[in-house]
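This report concerns only the one structure given below.
To find a chain, count down the sequence lines: A is the first, B the second, and so on, and within it residues start at 1.
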2 protein chains.
Amino acid sequence: MSQTVDRALSILPLLAEGPANLEQVAQRLGVHKSTALRLLRTLHEHGIVYRQQDQRYRLGARLFALAQEAVENLDIREIAHPHLTRLNEKCGHTVHLAVHEENEVLYIDKVESRYPVRMYSRIGKPVAITVAAVAKLLLADLPEPERRALAERLDYPLYTPRSTPNAAAFLKELATVREQGWATDLGGHEESINCVGAPIRGTDGRTVAACSISAPNVVVTAEELLALLPLVRRTADAISREYSGKAPDRP
Amino acid sequence: MSQTVDRALSILPLLAEGPANLEQVAQRLGVHKSTALRLLRTLHEHGIVYRQQDQRYRLGARLFALAQEAVENLDIREIAHPHLTRLNEKCGHTVHLAVHEENEVLYIDKVESRYPVRMYSRIGKPVAITVAAVAKLLLADLPEPERRALAERLDYPLYTPRSTPNAAAFLKELATVREQGWATDLGGHEESINCVGAPIRGTDGRTVAACSISAPNVVVTAEELLALLPLVRRTADAISREYSGKAPDRP
DNA sequence: ATGGCTGTTGCACACGATGCAACACACTCA
DNA sequence: TGAGTGTGTTGCATCGTGTGCAACAGCCAT
């Protein structure tokens, strides 16, 4: 829409390929040298491009600081919330959002079930890290040594007979989760409650959060809950897309 | 130099702070709404900014991708990274790599401390140039007139009582650093944080980068940190050897 | 309906971006 | 040494394009 800005921005992907001098830039933009010079100067003043000793231009490391700051200020919760609400509207069950922080996995958002029978949980509360679906999703993505170290360090309380019994079983489960891209908790925490969850990923593909739906089996059976898996995964993917700044999928 | 581009680029740091709507952007730029709209539209077309559901703008995926490429194109970083990781494995503290760019010294890589207490820093972020160990190392190597000119031009904020107070003190410190071939920052930036660093040199012997380890004195005392100096220097030398060894003369 | 609040569009005007040509500077040849 | 190339840089007139304005369009409250 704005020619000048349009041209200036076109320089960036060009420089991303590698350093270039003034004339090369001018040529690839299809403008006069002097025009390219002015554009580059402006980019330079803002620290977006950097001029190396041989006078050629390349992208500045400062650009990275900008992106980094933006990522830090990104609030997953804010972005995810409308998606979670929609998920809840579709299936009616309790929806959770969780993140991994300091050797704990915490619920950071929740949309209550619309059924009268609800599961107990609280935003900010650490989840049962060895059994919860969201915990498995978040930990499955850790680098192998850290994952192993953490697994060794944990306690494995037997909330129910179906709880994860020990580190070996936990690591095996994490491998499965990592492989399949989704996770469940079928009565591992509370005998009567099942969960199914999916990962939310950032630009770099790493899991930054996880969401899940939970329901007591007096309301839906485990099979019926598993049938909702595609819905959960689609929601998680939509949040991932929006979080990483890609165009949202419009039907 | 180019007003339009200048305005457009001024939007980026603004959005890095967090999402903003059209009017907020227009106001902070000091331009009419319609002007801001056109600028944002152009940025949007290039994927630099992204528009979320609530119509507010934030930085977009393309910017993250560009930033990524910007740092990846720094070949020192690629060579140094495994060495930095190894250094971190040996000592456990936060390891930094920094370069001098446009009157600033920027962190371009970082390996986090394995201790729970970490220092805050960010890749791409300019360092406190008058006190940081890596900054002293990089500036100590400048030709004398440039060094003097730069020293005169800088501000000397008193982060702590131990911060470098003025140009004269700074130049004296640089001379010492140049002489001894290593540098420290003992509580000059944050009262409780100490650093020790060493220079990485290219084929011609000039300092092209610097690495350092940083630790809060609740974890190790300054003396204990200084005992790690030989380790840091060996790392820096190893990187130097590898960097200058296979240095292909870039056209 | 009514008002406030936001983003959007069309338009006339003038300002600022543009290309040109001339210049400056560093190299490389004979 | 000097002409000859390849750069980046500057001043300037000209015209294109970015600009602010005002009016409009949605949306959501009351």
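For the pair A/D6 CG and D/dT17 P, the interatomic distance rounds to 12 Å; values are reported in whole Å. As a whole-Å value, the separation of B/D54 CG from D/dC28 P is 13 Å. The interatomic distance linking B/E23 (CD) with C/dT8 (P) rounds to 12 Å, in whole Å. Going from atom CG of B/L37 over to atom C1' of D/dG20 covers 13 Å, rounded to whole Å. Rounding to whole angstrom units, CZ of residue A/R41 and C1' of D/dT9 are separated by 7 Å.
Each of B/G30 and A/S34 was assigned the nucleotide of DNA chain D with the nearest heavy atom; the assignment lying further toward the 5' end belongs to A/S34. Nearest-nucleotide positions on DNA chain C place B/K33 closer to the 5' end than the other of B/S2 and B/K33. Between A/Q3 and B/N21, the residue anchored closer to the 5' end of DNA chain C is B/N21, taking for each the nucleotide with the nearest heavy atom.
A salt bridge links B/E17 with B/R28: the distance from a Lys NZ or Arg NE/NH1/NH2 to an Asp or Glu carboxylate oxygen falls below 4.0 Å. No salt bridge links A/R77 with A/D75; every basic N to acidic carboxylate O contact stays at or beyond 4.0 Å. Checked for salt-bridge contact, A/E78 and B/R56 meet the test: a charged N lies under 4.0 Å from a carboxylate O. Between B/E45 and B/R62 no salt bridge is recorded (no basic side-chain N to carboxylate O distance below 4.0 Å).
An OP1 or OP2 oxygen of C/dG7 is reached within less than 4.0 angstrom by no side-chain nitrogen or oxygen of B/Q55. Under 4.0 angstrom from either OP1 or OP2 of D/dG11 there lies no side-chain N or O belonging to A/R38. One finds a side-chain N or O of B/R7 lying less than 4.0 angstrom from the OP1 or OP2 phosphate oxygen of D/dT19. Between A/T35 and C/dG19, a side-chain N or O to OP1/OP2 separation shorter than 4.0 Å is present.
For the residue pair B/H96 / B/D109, no side-chain donor-acceptor distance below 3.5 Å is found, with atom types taken as modelled.
Set against D/dT19, D/dG18, D/dG8, the side chain of B/L39 has D/dT19 as its closest nucleotide. Checking C/dG19, D/dC21, C/dT8 against every side-chain atom of B/L22, the shortest atom distance belongs to C/dT8. Considering only side-chain atoms of A/H32, the nucleotide from C/dT18, C/dC20, D/dT19 that sits closest is C/dC20. With C/dA17, C/dT8, C/dG7 as the candidates, the nucleotide lying closest to the side chain of B/Y57 is C/dT8.
In this structure, A/T4 reaches the sugar-phosphate backbone alone: every heavy-atom distance under 4.0 Å involves primed, P, OP1 or OP2 atoms, never a base.
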